[in-house]
Amino acid sequence: MLRVFAQAFRTPDLRQKLLFTLGIIAIFRVGSVLPTPGVDVPAVRTCVDLAGNEGIYGMLNLFSGGAMLQLAVFALGIIPYITASIILQLLTVVIPRIEALRKEGASGQAQITQYTRYLTIGLALLQATTIVTLARRGQFFPNCPEEVLQDDSLTTAAIMIIVMTAGTGLVMWLGELITDRGVGNGMSLLIFTQIVASVPGLFWGIQTSRGWGIFGLVIAVALIVVALIVFVEQAQRRIPVQYAKRMVGRRMYGGSATYIPLKINQAGVIPVIFASSLLYIPLLAAQFNQTSGWALWIQDNFTRGDHPAYIAAYFLLIVGFAFFYVSITFNPKDISDNMKRYGGFVPGIRAGRATEEYLAYVLNRITSAGAIYLALVALLPLLAFNVLNPADGGQSFNNMFGGTSILIMVGVGLQTVQQIESQLQQRNYEGFLR
């Protein structure tokens with residue numbers, strides 16, 4: 001990988017893209033530590049130290065790069081955009097208009113992107129209002145006696161909401177700039193940056209609190225999990241496809257052989273992100289009313305990651321969303337119809353309905369393995385680190401090496417390196433004669 005980056009920096013236009021991407025990431029990190037107007041910075045730091053990395057605070061601190069707990073300008077980060085993208089993808093099944101736009105090509109995709117932007121701003125406004133309301137009531141850090149806002153007036157709250165919402169819009173624009181003029185997927189790189197920014201501090205916290213022995217054991221477990229993820233993420237099932245020869249005018253077309261690549265983890269990290277979001281929604285709701293019976297039940301059963309109810313709900317949600325997401329992103333009927341239209345067929349399988357049933361059968365088997373893999377990657381580190389730190393159910397270690405964070409880091413890293421390699425091959429193509 002280091003060799004690939006060295007070659008990339010020796011290529012002028014690719015070096016310009018990499019430097020542009022790094023510059024955008026630097027701007028993003030500055031906005032992640034810049035406090036929102038009206039925030040009492042020393043009080044927020046005191047409350048963050050008291051909250052630590054346990055439970056929901058560890059997850060919020062991880063996915064926002066520390067920006068959300070610090071009530072920074074980019075406190076919401078890329079989370080509203082991810083949520084909006086997931087909602088638009090789910091709505092393609094419900095709303096025929098969106099499904100028709102998805103099939104129109106570039107123009108339809110541009111319209112869906114515009115809808116995603118509008119929904120992102122709406123979600124950012126809603127989330128910013130929730131955060132500011134909790135901060136005004138003193139419920140954002142329930143166990144902290146400090147006042148995190150300089151004053152609780154409506155003017156200050158309105159300014160904070162506007163700034164956080166505008167920060168989300170700016171983050172969305174920065175991500176699109178990386179996609180258009182930089183290297184890699186901008187949104188993925190930004191959330192990758194947020195997660196990686198929290199890793200050094202968590203590493204140092206493990207070393208200072210548990211010593212070098214536990215620190216080395218954590219590194220070993222993390223490397224094993226990374227190796228497993230890389231192996232499975234690169235694995236795929238290739239379904240052979242043969243195209244029959246056909247005459248068009250006086251020319252012969254077809255007769256080629258190719259394959260349909262089906263990844264073992266066809267859904268990617270989306271099911272884990274969505275399952276985590278749904279599990280933390282009740283915790284956020286419980287912050288508004290901490291004395292009611294349902295809020296106490298949620299705090300008792302879903303705060304600690306080693307609770308059987310939390311593990312069972314997390315496992316079932318990941319598996320369910322994996323099947324659901326694959327079903328809306330890969331349609332065997334459309335693939336079968338396209339193959340039949342261009343004279344393609346799977347050897348030994350009749351074209352048409354038989355091919356559709358075969359693709360659905362293979363896809364269900366692969367999705368079963370991929371869904372169980374996602375659930376195990378998300379849960380096994382939590383159970384393993386529970387042995388290392390039983391006081392908090394292993395939650396503080398799992399936030400760094402849990403399924404969502406490590407899947408995003410490894411997945412985005414692999415995609416970025418592959419894109420750099422593809423661009424290098426385009427510029428350094430070696431012919432048959434050297």
Side-chain angles (χ1 to χ4, degrees), residues 1-36 60-70 72-82 85 113 116-117 120 124 163-164 166-204 222 226 229-230 233 268-269 273 400-401 404-428:
M1 185 174 67
L2 296 178
R3 178 182 58 83
V4 173
F5 279 105
Q7 292 179 355
F9 274 99
R10 287 196 293 266
T11 306
D13 54 344
L14 194 54
R15 179 175 64 246
Q16 184 178 0
K17 290 184 177 181
L18 288 173
L19 293 177
F20 178 82
T21 302
L22 293 175
I24 295 296
I25 290 176
I27 295 174
F28 176 67
R29 287 305 304 160
V30 170
S32 298
V33 298
L34 187 66
T36 304
L60 293 176
N61 192 53
L62 182 67
F63 278 94
S64 64
M68 183 173 291
L69 294 187
Q70 296 176 11
V73 174
F74 291 167
L76 302 179
I78 204 67
I79 296 177
Y81 183 86
I82 294 176
S85 301
T113 302
T116 305
R117 294 169 182 165
T120 299
V163 170
M164 288 184 180
T168 299
L170 182 58
V171 168
M172 182 170 55
W173 179 62
L174 293 177
E176 293 179 354
L177 282 179
I178 293 178
T179 303
D180 295 336
R181 302 174 55 185
V183 177
N185 183 283
M187 304 304 175
S188 299
L189 281 176
L190 291 183
I191 192 172
F192 172 85
T193 303
Q194 288 176 316
I195 295 176
V196 171
S198 304
V199 170
L202 293 174
F203 263 122
W204 184 250
V226 169
I229 291 176
V230 171
E233 291 294 327
V269 73
I273 294 177
M400 177 168 53
F401 299 115
T404 307
S405 58
I406 204 164
L407 278 170
I408 291 176
M409 288 190 291
V410 175
V412 174
L414 288 175
Q415 292 176 2
T416 305
V417 171
Q418 289 173 358
Q419 183 171 347
I420 294 176
E421 284 183 341
S422 64
Q423 296 193 23
L424 285 175
Q425 290 176 358
Q426 294 176 1
R427 293 164 175 79
N428 301 284

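Below, all heavy atoms of this structure are taken into account, side chains as well, without hydrogens, waters or symmetry copies. These numbers come from a predicted model, not from an experiment.
- Counting only distance, with no hydrogens or angles, the side chain of T179 and the backbone of G186 share a donor-acceptor pair below 3.5 Å.
- Interatomic distance, L190 CG to I178 CD1, rounded to the nearest 0.5 Å: 4.5 Å.
- Atoms OG1 and CG, on T36 and L34 in that order, are 7.5 Å from each other to the nearest 0.5 Å.
- Screening L177, I25, V183 for a side-chain contact (heavy atoms from CB on, under 4.5 Å) with F20, the sole residue that qualifies is L177.
- The minimum heavy-atom distance linking K17 with R181 is given by the pair CG-O, 3.6 Å.
- To the nearest 0.5 Å, atoms CD (E176) and CE (M187) are separated by 4.5 Å.
- Of all heavy-atom pairs between A72 and S32, the closest is CB-O, 3.2 Å.
- L76 approaches A124 most closely through the heavy-atom pair CD1-O, 3.4 Å.
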Task: side-chain contact (heavy atoms from CB on, under 4.5 Å) evaluation trace for R117 with T113 - done: CA-CA 6 Å; R117 294 169 182 165; T113 302; 3.8 Å; yes

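- Between the CG atom of L189 and the OG1 atom of T416 there is a distance of 4.5 Å, given to the nearest 0.5 Å.
- Interatomic distance, T168 OG1 to Y81 OH, rounded to the nearest 0.5 Å: 13.0 Å.
- Among the candidates V171, L174, L170, the single residue satisfying the side-chain contact (heavy atoms from CB on, under 4.5 Å) test with I27 is L174.
- Summarising the geometry, atom CH2 belonging to W173 is positioned 6.5 Å from atom CD1 belonging to I24; distances are rounded to the nearest 0.5 Å.
- Looking at every heavy atom in both residues, Q419 comes nearest to N185 through OE1-N, 4.4 Å.
- Minimum heavy-atom separation, F28 to F74: O-CD1, 3.4 Å.
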